[in-house]
**Q** 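The structure follows.
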Amino acid sequence: MRQALLHNVIWFAVFLTVPGAMGLLGAYLLSQVRRFQMLFRAIYFIPYVVASVVNAAVWKMLLSPTSGIGHLLGIEQSWLGDPSTSLLSVNFVVDWHFWGFLAVIFLAAMQGVDPSLYDAAKVDGAGAWQQYRHITLPGIRPTMVFIVLMTVIWTLKAFDYIFIMTEGGPAGSSEVVATLMYKQAFNEYSAGYAAALGLSMTLVTAVILAVYQWMRKKGWEDA
Amino acid sequence: MSATTMARPAPAGVARAASGRRRRRLRLRGGTHYLVLVILALFAIGPLVALVFNAFKNNAEIGSNPLSPPTSFSLDNFTDAWTRGDFATTMRNSAIICAGSVLGTCLVAGMAAFALSHLRVPGGGAVVTYLFLGSALPVQLFLVPLFFLWTRLHLTDNLLGLIIIYWATDAPFATLLLRSFLLKIPKDFTEAARLDGASSFQIAWRVVLPLAWPGFLTVALIVALWSWNEFFWAITFIHTPTLRPVSTSFLAFQDQYSTDWGLTSAAAIFMLAPVVLLFLALQRKFVSGLTSGGIK
């Protein structure tokens with residue numbers, strides 16, 4: 001249980017930073033270009049609409065030590081079969097399918113920032129980075145806070161890809177709370193323990209949602 | 001004289017050179033932007049493109065060249081995968097599940113959204129908060145009680161049993177999304193109809209529905225996508241192979257032929273193609289619906 005929870009914490013840290021950073025980068029670049037913006041947006045979004053079983057199959061193939069990318073490069077690493085890399089490998093696949101979704105959300109938020117602020121900044125001689133740092137990022141702060149809070153919930157729910165790709169193994173090295181709960185319910189037949197885990201997950205979710213509502217009521221300005 | 005005529009164009013030339021430099025710098029910046037955008041695009045769909053390539057190759061070719069385009073286009077993998085994976089049956093199951101989930105969710109969520117937007121419901125605000133909570137709760141909460149309940153009701157290993165679960169899990173999101181569409185319909189319209197003696201049901205059917213169909217189309221697309229891709233409930237409640245939807249049967253197929261990458265790639269395409277084609281055709285609806293339902 002403690003191990004699974006620790007894995008959730010690691011999962012949260014990576015799942016927040018990697019897709020978040022890629023999403024911000026993608027959204028910023030998309031907001032700067034005119035031609036093909038819709039095309040790139042569509043391409044980034046595609047992995048998000050593809051079924052988890054299909055995405056998992058694609059990456060099982062690409063991460064396979066006998067026929068994958070590693071094999072092609074001469075690295076004989078069993079990414080999913082080695083306890084030291086299994087959790088991060090599955091997390092990588094989830095990041096891959098998810099960052100485009102974040103990019104589209106951030107792009108919508110960036111397009112909502114008042115354009116006159118950028119004009120004023122240009123008059124004052126602000127460079128591209130300064131504009132990004134002092135106008136874009138504060139402008140999309142409500143969205144970013146929302147995503148951070150939701151990431152906690154998404155982390156707790158993380159199940160599909162782990163269950164499909166490693167089933168929590170090898171040797172529990174990619175076990176998280178949701179997969180542990182499933183096993184408790186159906187492999188160990190301890191329904192009570194599983195139900196208690198489910199209820200605990202819900203409690204955390206409820207707290208997160210309460211924080212979100214509270215911040216929204218209070219107004220984002222002093223959040 | 002000649003000196004002045006020579007001198008005259010000079011400032012214009014300087015200005016042109018300067019603006020040319022600026023334009024070049026802009027184009028250069030645009031160029032690096034596009035370069036990074038293309039790299040990100042390759043990262044996003046490169047793996048899926050490799051999957052499409054591999055579906056046309058035999059295993060010897062995949063082993064020696066897992067990422068490059070196929071040298072010959074053989075459809076053997078597709079015909080093999082279709083019969084061995086029994087895709088005719090599982091695709092039909094998934095189609096039934098999608099249709100059932102879409103119809104039921106649109107009906108339930110449509111009526112709820114109409115009530116929450118155009119009728120005076122006591123405690124409507126609390127219901128909206130409740131639905132918001134319901135759309136974000138981890139589905140794992142329902143796992144244990146639902147399993148016992150469904151076993152008692154003989155709804156396990158039953159397509160309808162799965163469809164009912166999808167109604168329940170998707171309705172909160174669908175109601176909130178439809179409500180935001182219905183709120184845009186002016187109250188004048190519904191009140192005028194009411195003055196003419198129309199009942200609430202007639203207003204919903206004759207006035208609101210014709211105006212709100214884009215919202216219903218968005219909800220239908222998202223619910224269909226979720227039911228097609230759904231994994232957690234499908235693997236929990238459907239165990240008979242002939243009743244499986246395409247998602248869990250694909251997983252079983254992949255476990256069975258785990259090293260036959262050509263075969264499993266072809267099978268994956270059966271599952272992937274309808275979704276990607278529909279997405280490309282109706283991209284805006286998918287993106288707007290999914291980003292507003294991103295809470296899930």
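Chain naming here is simple, since letters A, B, ... match the order of the sequence lines and numbering starts at 1 in each.
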**Q** Counting only non-hydrogen atoms closer than 4.5 Å, does T202(A) touch chain B with its backbone (N, CA, C, O), its side chain (CB onward), both, or neither?
**A**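 Interface part for T202(A): both.
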
**Q** Identify which of L133(B), T264(B), T129(B) forms the greatest number of heavy-atom pairs closer than 4.5 Å to chain A.
**A**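 Winner by heavy-atom pair count: L133(B).
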
**Q** Of all heavy-atom pairs between Y34(B) and R34(A), which one has the smallest distance, and what is that distance?
**A** OH-N, 4.0 Å

**Q** I need the minimum non-hydrogen distance between P47(A) and A44(B), along with the two atoms involved.
**A**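 Nearest heavy atoms, P47(A) then A44(B): CG-O, 3.4 Å.
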
**Q** If you tally heavy-atom pairs under 4.5 Å against chain A, which of V36(B), V287(B), V246(B), L51(B) wins?
**A** V287(B)

**Q** Measure across K157(A) and P138(B) and return the closest heavy-atom pair with its distance rounded to 0.1 Å.
**A** CE-CA, 3.5 Å

**Q** For chain B, find which of G26(A), A194(A), A42(A), S200(A) contributes the most heavy-atom pairs closer than 4.5 angstrom.
**A**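 The candidate making the most pairs under 4.5 Å is A42(A).
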
**Q** Verify whether the ring centers belonging to F163(A) and F232(B) lie closer than 6.0 Å.
**A**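 So the answer is no for these two rings.
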
**Q** Let me confirm one number: the CE-CD distance from M201(A) to Q140(B), rounded to the nearest 0.5 Å.
**A**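 Rounded to the nearest 0.5 Å, the CE-CD separation comes to 4.0 Å.
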
**Q** With sequence neighbours left out, what residues match S180(B) under side chain to side chain donor-acceptor pair (under 3.5 Å)?
**A**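 Side chain to side chain donor-acceptor pair (under 3.5 Å) list for S180(B), sorted by chain: empty.
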
**Q** What heavy-atom pair brings T205(A) and A136(B) nearest, and what distance separates the two atoms?
**A**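 Taking every non-hydrogen atom into account, CG2-O, 3.7 Å.
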
**Q** Run the side chain to side chain donor-acceptor pair (under 3.5 Å) test against Y118(A) and tell me which residues pass, sequence neighbours left out.
**A**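 Y118(A): side chain to side chain donor-acceptor pair (under 3.5 Å) contacts with T136(A).
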
**Q** Heavy-atom distance under 4.5 Å between the side chains of Y182(A) and I235(B), does that happen here?
**A** yes

**Q** Among residues 266-273 of chain B, which ones touch chain A with a heavy-atom distance under 4.5 Å?
**A** A268(B), M271(B), L272(B)

**Q** Kindly say whether S52(A) contributes a backbone atom to a donor-acceptor pair with the side chain of N229(B) at under 3.5 angstrom?
**A** no

**Q** At a 4.5 Å cut-off on heavy atoms, which part of Y44(A) comes close to chain B: side chain, backbone, both, or neither?
**A**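 Both parts, heavy atoms under 4.5 Å.
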
**Q** Measuring heavy-atom distances to chain A, does L225(B) have an atom under 4.5 Å in its side chain, in its backbone, in both, or in neither?
**A**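 For L225(B), side-chain heavy atoms alone lie under 4.5 Å from chain A.
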
**Q** Most heavy-atom pairs under 4.5 angstrom with chain B, which of L199(A), L39(A), I46(A)?
**A**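 So the answer, after comparing L199(A), L39(A), I46(A), is I46(A).
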
**Q** Looking at L280(B), V38(B), I45(B), L37(B), which one has more heavy-atom pairs under 4.5 Å with chain A than the rest?
**A** L37(B)

**Q** Rounded to the nearest 0.5 Å, what separates atom OG1 in T291(B) from atom CG in L107(A)?
**A**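 Nearest 0.5 Å value for the OG1-CG distance: 10.5 Å.
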
**Q** Does CZ in R84(B) sit with more than 12 non-hydrogen atoms of other residues, nucleotides or ligands closer than 6.0 Å?
**A** yes

**Q** Please identify, among L197(A), V204(A), I164(A), L25(A), the residue contributing the most non-hydrogen atom pairs under 4.5 Å to chain B.
**A** I164(A)

**Q** If you count heavy-atom pairs under 4.5 Å with chain B, which of M22(A), R35(A), H97(A) comes out on top?
**A**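 Looking at each option in turn, the highest pair count goes to R35(A).
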
**Q** Under 4.5 Å heavy-atom distance to chain A, tell me which part of Q254(B) shows up: side chain, backbone, both or neither.
**A** side chain

**Q** For the atom pair CZ (R284(B)) and CE (M38(A)), what is the distance rounded to the nearest 0.5 Å?
**A** 3.5 Å

**Q** Report the option among W99(A), W59(A), F36(A) that has the most heavy-atom pairs separated by less than 4.5 Å from atoms of chain B.
**A** W99(A)

**Q** Is the F159(A) ring parallel, tilted or perpendicular to the F231(B) ring (thresholds 30°, 60°)?
**A** tilted

**Q** Strictly under 6.0 Å, is that where the ring centroids of F286(B) and F45(A) end up?
**A** no

**Q** Below 4.5 Å from any heavy atom of chain B, which atoms of I43(A) appear? Answer side chain, backbone, both or neither.
**A**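 It is both, since atoms from each part get that close.
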
**Q** Side chain, backbone, both or neither: which part of L30(A) has a heavy atom under 4.5 Å from chain B?
**A** both

**Q** Counting heavy-atom pairs under 4.5 Å with chain A, which one of D255(B), T236(B), T248(B), V276(B) comes out on top?
**A** T236(B)

**Q** Go through the atoms of S64(A) and report whether side chain, backbone, both or neither lie under 4.5 Å from a heavy atom of chain B.
**A**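 The side chain, not the backbone.
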
**Q** What residues form a side chain to side chain donor-acceptor pair (under 3.5 Å) with N55(A), not counting sequence neighbours?
**A**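 N55(A) satisfies side chain to side chain donor-acceptor pair (under 3.5 Å) with Y161(A) only.
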
**Q** If we define contacts as heavy-atom pairs under 4.5 Å, which of A191(A), A185(A), G192(A), A103(A) has the most with chain B?
**A** A191(A)

**Q** Considering only heavy atoms, which portion of F43(B) lies under 4.5 Å from any heavy atom of chain A: side chain, backbone, both, or neither?
**A**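 Backbone plus side chain of F43(B), per the 4.5 Å heavy-atom cut-off to chain A.
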
